[in-house]
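Worksheet: the structure to be examined is printed underneath.
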There are 2 protein chains.
Amino acid sequence: MIGSSGTKEVIMQDEIIANILKSANLSVTASRKKILNLFLSTNGALAHADIEQEADEKMDRITIYRTLQAFVQKGIIHIIPTTDNSIRYALCKDECSEGHHHDQHVHFVCSECHTTYCLEQINVPHVKLPSGFTESQTEVIINGLCAKCHA
Amino acid sequence: MIGSSGTKEVIMQDEIIANILKSANLSVTASRKKILNLFLSTNGALAHADIEQEADEKMDRITIYRTLQAFVQKGIIHIIPTTDNSIRYALCKDECSEGHHHDQHVHFVCSECHTTYCLEQINVPHVKLPSGFTESQTEVIINGLCAKCHA
DNA sequence: ACAACTTTGCAACAAAGTTGCAAAACAATG
DNA sequence: CATTGTTTTGCAACTTTGTTGCAAAGTTGT
Ligand SMILES: [Zn+2]
Ligand SMILES: [Zn+2]
Ligand SMILES: [Zn+2]
Ligand SMILES: [Zn+2]
C-alpha cells in the first residue's frame, strides 16, 4: 500500500506533531495535535474561522483561541496581518522560539481564492525612514492574483 | 485677536469642511462635519474608537461606522491596516476619488504612543513576485519608535 | 416654504473575543 | 499502572465590534 494515507505514515506524522509540541514545552493534547496537523497539511495560512470549520465537531471556539495564542507565543506559528482585518496564522519555518519571531518575509493574499502565502524566499525590503524614526518590524502584504487563480 | 481659535478662523474652517463634503457629493450634516474636522485637526490616523471618544456625546456608534464608510468610498479618507488588527483611517492627500484610491505610501505605527503616520513621501517599494503571481496592491506597515517617542 | 431625498438614531441582531471556574486530561513519579 | 500535582478544556457569562431594517429628523433644491 503506497500513499500518504497509509497507517504507518499517519503514525509517523503523529510523532512528528508530538515532538513539535514537546519541543515547545506544550503538553500533547488532542486539540493541539489536530490544529497543528491542520497547519502541517495546509500550504497557505489559516484563519480562526477556517480551523473552526475543519475541526469535525467536538472542539470549542475558546480552545482554538487559546491554542493559537499558545502556538504564537511558543514560536510555532506566526500572525499574518491582512488588509481585510482578519488575522491569519502560518507555520514558522525560520528559527522562531518563545517570544522571538524572525519571520521577515513578504506575505501574499490572493484576491480571488483568498489563500494567504508566506513568500519565504522574499525578504521584506528595507525602507529608509524620516530622521528620528526607528524601525523594529516591517510587514509587507501584497494583494493580487496567485498562480492558481491566474486566468 | 490673533490665533487659531478666533471666530473668523472657525467659520473659514467650517466652510472648507463643507466644501470637501459637497465636492464628494455628500450632504453637509453635523456628524460628518464633526468627524471630518477631527481628521483635519489630527496629524496621525484615527480609529473608530478614537472618534467615539472625542465626539462629545450625541453621536451614535452606527453613525460613525456609516460616516467612515462613506468617507472611504468617496475618497476622502483611506484605510490603514495595522498589525494589531485595528483599522485606522487617515485623510487622503493624493488625488483619490470615488472608488479609486491612490495612497501608495508607507505607513508607520509607533509602538510607544500608537500614533499612526502616513509617510506620504515614501512610496511602497516594488517587490518581485514568483512567476504566476501578479500584484494589485502592496501595503507596507512599519512598527517602531516615532520621532516624538525616541528617548 | 414645500416636496423629494438622504441621513440619523434606535432596536435588534450577529460575529468575534475575553475571563473565571470546575471537570477532565495530561505528565511525572514511584 | 496507579497516584498526585499541574495543565488544559469546555461551559457560562460577558464585552466589544460590526450589521441591518425602519421610522423620525435633517438636508437639498425649487
Ligand atoms: Zn488564488
Ligand atoms: Zn509568513
Ligand atoms: Zn510615538
Ligand atoms: Zn496613509
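So you know, we letter chains A, B, ... as the sequences are listed, proteins then strands, and number each from 1.
- Proximity of a side-chain donor or acceptor of Glu135(A) to a complementary backbone N or O of Thr138(A) within less than 3.5 Å is detected.
- Proximity of the aromatic rings of His78(A) and His105(A) is defined here by a centroid distance below 6.0 angstrom, and this criterion is met.
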Between the protein and nucleotides 26-30 of chain C, which nitrogen or oxygen pairs come in under 3.5 angstrom?
from    : atom 1 : to       : atom 2 : distance (Å)
dA27(C) : OP1    : Val28(A) : N      : 2.9

Polar atoms only, N or O, under 3.5 Å: list the protein pairs with nucleotides 13-19 of chain C and their distances.
from    : atom 1 : to       : atom 2 : distance (Å)
dG17(C) : OP2    : Tyr65(A) : OH     : 3.1
dG17(C) : N7     : Arg61(A) : NH1    : 3.0
dG17(C) : N7     : Arg61(A) : NH2    : 3.4
dG17(C) : O6     : Arg61(A) : NH2    : 3.3

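- To the nearest 0.5 Å, atom SG of residue Cys149(A) and atom NE2 of residue His114(A) are 9.5 Å apart.
- Between Tyr117(A) and Phe133(B), the ring center distance clears the sub-6.0 Å criterion.
- With hydrogens and angles left out, the side-chain atoms of His150(B) and Thr134(A) include a donor and acceptor closer than 3.5 Å.
- With Asn85(B) as reference, Ile87(A) is the one residue of Ile79(A), Thr82(A), Ile87(A) to meet the side chain to side chain contact (heavy atoms under 4.5 Å, CB included) rule.
- Looking only at distances, a side-chain donor or acceptor of Ser111(B) sits under 3.5 Å from a matching main-chain atom of Gly144(B).
- Following rounding to the nearest Å, Lys33(A) (NZ) and dA25(C) (C1') show an atom-to-atom distance of 12 Å.
- Residue Asp60(A) contributes atom CG, which lies 17 Å from atom P of dA23(C) at whole-angstrom precision.
- Each end of the helix from dA1(C)-dT30(D) to dG30(C)-dC1(D) gets its own rotation axis from five pairs of C1' atoms, and the angle between them is 40° to the nearest 10 degrees.
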Walk me through whether Arg32(A) and Ser27(A) qualify under side chain to side chain contact (heavy atoms under 4.5 Å, CB included).
CA-CA 9 Å; Arg32(A) 287 174 177 168; Ser27(A) 37; 3.6 Å; yes

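- Tracing side-chain contacts under 4.5 Å through hydrophobic residues (I, L, V, M, F, W, Y), one reaches Leu91(A) starting from Leu68(A); they form part of the same cluster.
- In this entry the distance linking CZ of Arg32(B) with C1' of dT7(C) reads 6 Å, nearest Å.
- Rounded to an integer number of Å, the gap from Ile79(B) CD1 to dG18(D) C1' is 13 Å.
- If you measure from atom CE of Met59(B) to atom P of dT7(C), you get 15 Å, rounded to the nearest angstrom.
- Following rounding to the nearest Å, Ile35(A) (CD1) and dG10(D) (C1') show an atom-to-atom distance of 14 Å.
- Both Ile142(B) and Ile142(A) belong to a common hydrophobic cluster when Ile, Leu, Val, Met, Phe, Trp and Tyr are linked at side-chain heavy-atom distances under 4.5 angstrom.
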The test is side chain to side chain contact (heavy atoms under 4.5 Å, CB included); show your working for Val106(A) and Glu120(A) and say whether it passes.
CA-CA 7 Å; Val106(A) 167; Glu120(A) 312 267 354; over 6 Å; no

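- To the nearest angstrom, C1' of dT27(D) lies 14 Å from CG of Asn25(B).
- Leu68(A) places its CG atom 15 Å from the C1' atom of dT9(D), with the value rounded to the nearest Å.
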